[in-house]
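As structure tokens, the structure follows; a few thoughts come after it.
As a basis for the values below, the full set of heavy atoms in this structure was taken, side chains included, without hydrogen atoms, waters or symmetry mates.
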Amino acid sequence: MVLLGRPGTGTLFVDYDNDGDQDIFMAAVGEQILLQNQLRPEGRLEFIDVSAESGVDHRAVGFSPIAADVNGDGHTDIYVCSYNLYGQVMPDSWSAAGNGTPNLFFVNQGDGTFREQARQWGVADGRWSYAGAFADVDGDGQQDLYVANDFGENALYMNRGDHFEDEATLRGVLDPGNGMGVSFGDYDNDGDLDLHVTNMSSTAGNRILARLMPEASADDAILKKLAAGNSLYRNDGHGAFVNVAASAGGFGAGWAYGGGFFDFDNDGWQDLYSVNGFVSGKTMNDT
């Protein structure tokens with residue numbers, strides 16, 4: 001097993017070389033990392049660092065990687081959400097920041113190498129990206145991409161075969177806020193994919209804002225949106241979405257860093273789990 005002298009920030013198991021065993025891709029602050037599993041054909045469970053020869057050793061403030069066969073060639077491609085060095089660099093806006101670092105898109109060449117083509121495909125998002133997810137949103141057989149961005153607006157990149165187009169506003173999922181997690185699942189069992197986005201909620205913030213702007217909602221007041229918490233978007237069956245968080249249940253989860261859909265009680269309905277952090281104050285109600 002290879003010993004690395006540099007840490008990773010997000011790990012992805014993926015059979016990038018189609019040899020039947022799981023390799024490891026690691027997003028990192030610095031050069032990205034790819035470890036090739038030697039189980040097949042060598043017959044030993046050992047990982048070797050092939051970052052340089054595979055072409056993934058690009059520098060980024062990599063936070064989380066995801067994978068899918070984006071161009072339908074039978075080989076798995078890898079997307080890396082890239083943030084910025086918070087503390088050394090501050091967001092240029094708390095609700096529409098654009099001074100993050102460009103995301104990376106590694107297109108698998110089928111010969112053990114990748115080409116970084118985020119700009120060519122239109123997905124070099126530079127808005128403090130935290131997490132992403134691939135899914136076929138419109139049922140056309142191609143993998144679309146949702147990216148959750150911290151300090152601002154998110155992206156829904158629709159796959160056009162050889163490039164993506166951002167239709168987050170058009171499809172109703174811009175979700176300005178502190179985006180930190182994303183997952184797709186059919187929560188209402190109607191046969192299409194719905195969307196859950198984890199953001200930040202603040203009990204104290206909502207209490208203060210209710211006094212300052214009692215008539216405003218999260219839809220028309222950005223401060224209320226920033227404190228509102230997670231969003232649940234119902235797919236209308238035609239690839240557009242409606243935020244049903246208020247009617248479907250409470251989705252305040254503190255500083256929600258991620259989570260996703262799963263059937264917790266095996267009743268055939270998708271449940272949601274969300275992880276959080278940065279608990280403050282003496283009680284949980286003070287977050």
Checklist entry - Apart from V123 itself, what residues make up its hydrophobic cluster when side-chain heavy atoms of I, L, V, M, F, W and Y under 4.5 Å apart count as a link, directly or indirectly? => result I66, V70, Y79, F105, V107, W121, F134, L145, V147, Y157, F164
Item to check | Partner set under salt bridge (charged side-chain N to carboxylate O under 4.0 Å, His left out) for R119, not counting sequence neighbours | outcome: none
Next on the checklist: Could you check whether any side-chain heavy atom of D175 comes within less than 4.5 Å of a side-chain heavy atom of Y233, counting everything from C-beta outward?
Outcome noted: yes
Checklist entry - Under the side-chain contact (heavy atoms from CB on, under 4.5 Å) test, which residues partner L170, sequence neighbours left out? => result E167
Checklist entry - Quick check, are the ring centers of H196 and Y187 under 6.0 angstrom apart? => result no
Checklist entry - When you check the side-chain N and O atoms of N103 and D125, is any donor under 3.5 Å from an acceptor? => result no
Checklist outcome for this item: Distance col, row N159:CG vs N71:CG, nearest 0.5 angstrom, shows 8.5 Å
Item to check | Under 3.5 Å: donor-acceptor pair, side chain of S54, backbone of V50 | outcome: yes
Item to check | Side-chain cluster (under 4.5 Å, hydrophobic types only) that L174 belongs to, other residues | outcome: none
Checklist outcome for this item: Hits for salt bridge (charged side-chain N to carboxylate O under 4.0 Å, His left out) against E165, two or more places apart or cross-chain, chain-then-number order -> R160
Next on the checklist: So, using ring-ring contact (aromatic ring centres under 6.0 Å, His included) as the criterion, who are the partners of Y146 when residues are at least two apart?
Outcome noted: none
Checklist entry - Does F63 have any side-chain contact (heavy atoms from CB on, under 4.5 Å) partners at least two apart in sequence or in another chain, and if so, which? => result V61, Y83, Y130
Checklist entry - Side-chain contact, heavy-atom cut-off 4.5 Å: I33 with V56? => result no
Checklist outcome for this item: Output for pair (M26 CE, T9 OG1), nearest 0.5 Å, gives 8.0 Å
Next on the checklist: With a 4.5 Å cut-off on side-chain heavy atoms, are R115 and Q109 touching?
Outcome noted: yes
Next on the checklist: So F106 and H58, do their side chains get closer than 4.5 Å, heavy atoms only?
Outcome noted: yes
Checklist entry - Can you name the closest pair of heavy atoms from M90 and G87 and give their distance? => result SD-N, 3.9 Å
Next on the checklist: If the condition is side-chain contact (heavy atoms from CB on, under 4.5 Å), which residues does N18 pass it with, not counting sequence neighbours?
Outcome noted: H75
Next on the checklist: Just to verify, what does D166 make a salt bridge (charged side-chain N to carboxylate O under 4.0 Å, His left out) with, not counting sequence neighbours?
Outcome noted: R127
Next on the checklist: Evaluate T101 against S82 for side-chain hydrogen bond (donor to acceptor under 3.5 Å, both in side chains), listing each step before the verdict.
Outcome noted: CA-CA 6 Å; T101 57; S82 187; 2.5 Å; yes
Checklist entry - Just how far is it from atom CG of N108 to atom CZ of F114, taken to the nearest 0.5 Å? => result 4.0 Å
Checklist entry - Among all residues two or more places apart in sequence or in another chain, which pass the side-chain contact (heavy atoms from CB on, under 4.5 Å) test with A135? => result F184, L193
Item to check | Test item: side-chain donor near acceptor, S274 and T198, under 3.5 Å | outcome: no
Item to check | From L232 atom CG to L272 atom CG, the distance as rounded to the nearest 0.5 Å | outcome: 6.5 Å
Checklist entry - Is it the case that D69 and T76 place a side-chain donor and acceptor less than 3.5 Å from each other? => result no
Next on the checklist: Testing N99, N149, D150 one by one against W128 for a side chain to side chain donor-acceptor pair (under 3.5 Å), which residue passes?
Outcome noted: N99
Item to check | For D17, all residues meeting side chain to side chain donor-acceptor pair (under 3.5 Å), sequence neighbours excluded | outcome: Q36
Checklist entry - Is it the case that more than 12 heavy atoms not belonging to Y273 sit under 6.0 Å from its OH atom? => result no
Item to check | Sequence neighbours excluded, every pair satisfying salt bridge (Lys or Arg N to Asp or Glu O under 4.0 Å) that has a member inside residues 265-275 | outcome: none
